[in-house]
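Residue numbers begin at 1 in each chain, while the letters A, B, ... track the order of the sequences.
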Protein chains: 2
Amino acid sequence: MVGELGERKIIEIILGCLDQMPNMPIPFGDDVSAVNIGNGRLAVIKTDMLVGKTDVPPGMNLWQAARKAVVMNISDLAAKGVKPYALLASIGIPRTFTEKDIHQIGEGLNAGAREYNTYVLGGDTNEASDLVISCTAFGIADKHLLMKRDGAKPNDLLAVTGFFGKSPSGLQILLEALKAPVDIKEELVNAVLMPKALLKEGLALAQTQAVTASIDSSDGLAWSLHEISRASNVGFVIDNLPVAHETEEFAGVTGLNPVELSLYGGEEYELVLAIKPKRWEKAKEATEQIGTPLIRIGQITKEKTSLLRMKEKTIRVEPKGWEHLRTTWTHRTCDPP
Amino acid sequence: MVGELGERKIIEIILGCLDQMPNMPIPFGDDVSAVNIGNGRLAVIKTDMLVGKTDVPPGMNLWQAARKAVVMNISDLAAKGVKPYALLASIGIPRTFTEKDIHQIGEGLNAGAREYNTYVLGGDTNEASDLVISCTAFGIADKHLLMKRDGAKPNDLLAVTGFFGKSPSGLQILLEALKAPVDIKEELVNAVLMPKALLKEGLALAQTQAVTASIDSSDGLAWSLHEISRASNVGFVIDNLPVAHETEEFAGVTGLNPVELSLYGGEEYELVLAIKPKRWEKAKEATEQIGTPLIRIGQITKEKTSLLRMKEKTIRVEPKGWEHLRTTWTHRTCDPP
C-alpha cells in the first residue's frame, strides 16, 4: 500500500518508468525541470500540488491555501534563482464549495502571483473529492546562472536566509492546540498561514555565482541538507543551528525540543545554500542589500556524514521531516538517502 | 454550491479575480497560455487535470488513465499547432494504491509522452482522496503560426479531422453496459480508453496558415463549435454532420440518437477547425499527407446562429455536452455562450 511506501519510494518508482530526455539541462529530482531554448537560455517549469487534506491545516482559509499553492511553486523557482514569468492553476473543487469559496480561491491565486510580480495566465477546473490546487510556474533562466542542487563541494559554506522552527511551532498551535505566549503566537501561526518565497534573495544570489547548491526548506532544514548532500555526493556538518528566538521561547513553554523543531519541521521557505568560501562576502552582500541575513550554519564535507555539532554534544542529523505533524506520508518519509 | 454553478461559471469567477498580464499573446480562455520569449516566439504552457471520479470510466486501467492525462494536454497543444517539448506530472495518489498501481501510472505517463515524441521531465506526488493526475505540457511556437480560437471569419469553412460519436458510444458501453455489435465494440471502447491527440495534423495545419480558429473536441463537437463562435464572435452552420459509421450502427441497435451521440459527446480528440476558403486545398493536402481526412462539415456565419441543416429539418445546435453521461459538472455545463 502507498501509505507504507513513502513519497521517496513512489517517486523512485515513477522515475524508474520514465525515459530520460537526452541532454536534460537539469537532472531528474531537482526542484524544477528545464528545456534548452537556445542562446544559453532555459525554459524552466515547475509543478507542485496542494491537497486540502495534507497541505491545508485547520485555521488556514481558502484564500491563504490558494496563495500558498502559488508560493510553494515560486519558492522552488526562487531557490534556483529563476524569475517566474507566468503561472497556471489546475483546480479540483469539492461539490460542497460555495461561490464565495471559489472567489476566495481566485483572489488567493491572484494575490500570490502579484506578490511576486507575475500573473496567473490560465488553468483548468474540475470536480474533486478534496480541494486540489496544482500550480505550474514558468520562467526563463540563463543556464550558467541557474542554481542546482548538485554542485556542492567539500569545504563550501552552508548558509540559510533566516531562522528556523517558526512554521513547525505554528503547526503545533494549529494542529495540536498548543498554547504559545501572546507576543509570539501570531508570528508563529503566520509563518504557516502566510509563507513567503525568497524570490528577491534567490535572484540576487544567482547573480553572484557564489552558490554551488541551493534548495528551499519546504520539507524542513534536515531534509533539504540531505537532498543537497545526496545530489552533490557530499556530507555536511552544522555548527551553528539557526533556531529562531520565537522557536526557543515556544519550546520553553511547551517542553518541545527547539533543535527538533528547527531541523525536522517543514513548511519553511528559507533558502538552504552551499557557497564557495571565496565568494562568501559577495553572497552575503547580495542578500543583505535586500534586508535578509545570510547565516553561515556549517560546512560541506567530503565524508558523507550529516552532523550537528552543539556545545555539549554532536548528533546525527536524520534524513527526515517531522512525521508526527501529519497523518500522511506527504513530504514526510524517512527513508535513508 | 459548486454543483449548481457549472464549470463555466466557476471559470468566470476565477478569471474575474485575476489581474491580466499586459500584452498576453493568447487571451484568457483559449486552450493554452503563452508568454512572449522574444524573436517572435512564444513559450506555450497548458495544464489539465485528470480526476479519477470524473475522467476515468469503469474499464479504464491506471496505465490508460495516466496515458490519457498526457494525451489530454498534448491534444490542446496539437489544436494550437504547437509541438510539445516537455511534460510535468503532478500526481495525487490514494492511500489504498499499491506499488503495482504506481508502476502502471509511471508507465502510462511515459507511454503517452513517448507516443508524441516528448518526455516527462519531473513532477510531484502527494496523497489525495481520489486519483488526480495534473499534467503540464510545454512547447515553443512561432507566434504567427499558432492557431487560436478567436480568428474565425464569416464564410470560413468548418472542418474536422474525423468522424464523431465513437467515444460517447464507447462510454455508453462502459458506463451503462449497453450492448454493441461484436465487430464494432472494441473500436468504440478503444476510442474511450486509448484516445489519440492529432499532433501531426495540428503541426501540419499550422504550417499551412489556412486555419483561422482551432480547438480540439474533448468536450464534444457542439461545445467546441460554440467555443470557436464565442471567441471569434461569429455563428456557424453545419450541413454535413460527421457521424462515424460505427456510431450509426451502435445507435441503430441501441435506439440512441446518432446525431446526439456525435454532437453532444465528448472525450473525442478530433480537431475542429475554421479554414480560409482560399486555402482549403492546402489544408486538406496537409492532413491527407498524414493519412487523415479533412472533412468539410459546414461554414462560419456572420449571424450568431448555431444550426445543423439535415435533409428533413434544421435544428439548433445547443451549447452543451452530454450531461447524463456523467454525474458531475465537469466539462458538462450548458450555460448559453
For [X], which atoms come within 4.5 Å of any heavy atom of chain A: side chain, backbone, both, or neither?
X	answer
M21(B)	both
A34(B)	backbone
I37(B)	both

Where the side chain of N110(A) meets the backbone of D19(B), is there a donor-acceptor pair that is under 3.5 Å apart?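 Yes, N110(A) side chain to D19(B) backbone: donor-acceptor pair under 3.5 Å.
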Can you tell me if D130(B) uses its side chain to pair, donor with acceptor, with the backbone of S129(A) under 3.5 Å?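 Looks like no, no N/O pair under 3.5 Å.
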Please rank [options] by heavy-atom pairs under 4.5 Å with chain A and give me the top one.
options	result
V51(B), I14(B), T47(B)	T47(B)
S90(B), A43(B), A111(B), G123(B)	S90(B)
Q20(B), K100(B), K46(B)	Q20(B)

L88(A), V32(A), I105(A), D101(A): which one forms the most heavy-atom pairs within less than 4.5 Å of chain B?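 Going by pairs under 4.5 Å, I would pick L88(A).
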Among G92(A), A89(A), C17(A), G16(A), which residue forms the greatest number of heavy-atom pairs with chain B at distances under 4.5 Å?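 If we count pairs closer than 4.5 Å to chain B, C17(A) comes out on top.
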Spacing of [atom1] belonging to [X] relative to [atom2] belonging to [Y], to within rounding of 0.5 Å:
X	Y	atom1	atom2	answer
L121(A)	I26(B)	CG	CD1	9.5 Å
S134(B)	I133(A)	OG	CD1	11.5 Å
M49(B)	I91(A)	CE	CD1	8.0 Å

Student check: side-chain heavy atoms of [X] and [Y] closer than 4.5 Å:
X	Y	value
I10(B)	I93(A)	yes
S33(B)	F138(A)	no
N126(A)	D55(B)	yes

Quick check: closest heavy atoms across I13(A) and E99(B), and the distance to 0.1 Å?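 Of all heavy-atom pairs spanning I13(A) and E99(B), the closest is CD1-CG, 3.3 Å.
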Can you see which heavy atom on E127(B) is nearest to which on T54(A), and at what distance?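 The pair with the smallest heavy-atom distance is O-OG1, 4.2 Å.
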Looking only at side chains, do T136(A) and T136(B) share a donor and an acceptor under 3.5 Å apart?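 A donor-acceptor contact under 3.5 Å links the two side chains.
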Please classify the contact between L18(A) and chain B as side chain, backbone, both or neither, with a heavy-atom cut-off of under 4.5 Å.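 For L18(A), heavy atoms of backbone and side chain both lie under 4.5 Å from chain B.
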Which atoms of Y85(A) approach chain B - backbone, side chain, both or neither, heavy atom under 4.5 Å: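 It is both, since atoms from each part get that close.
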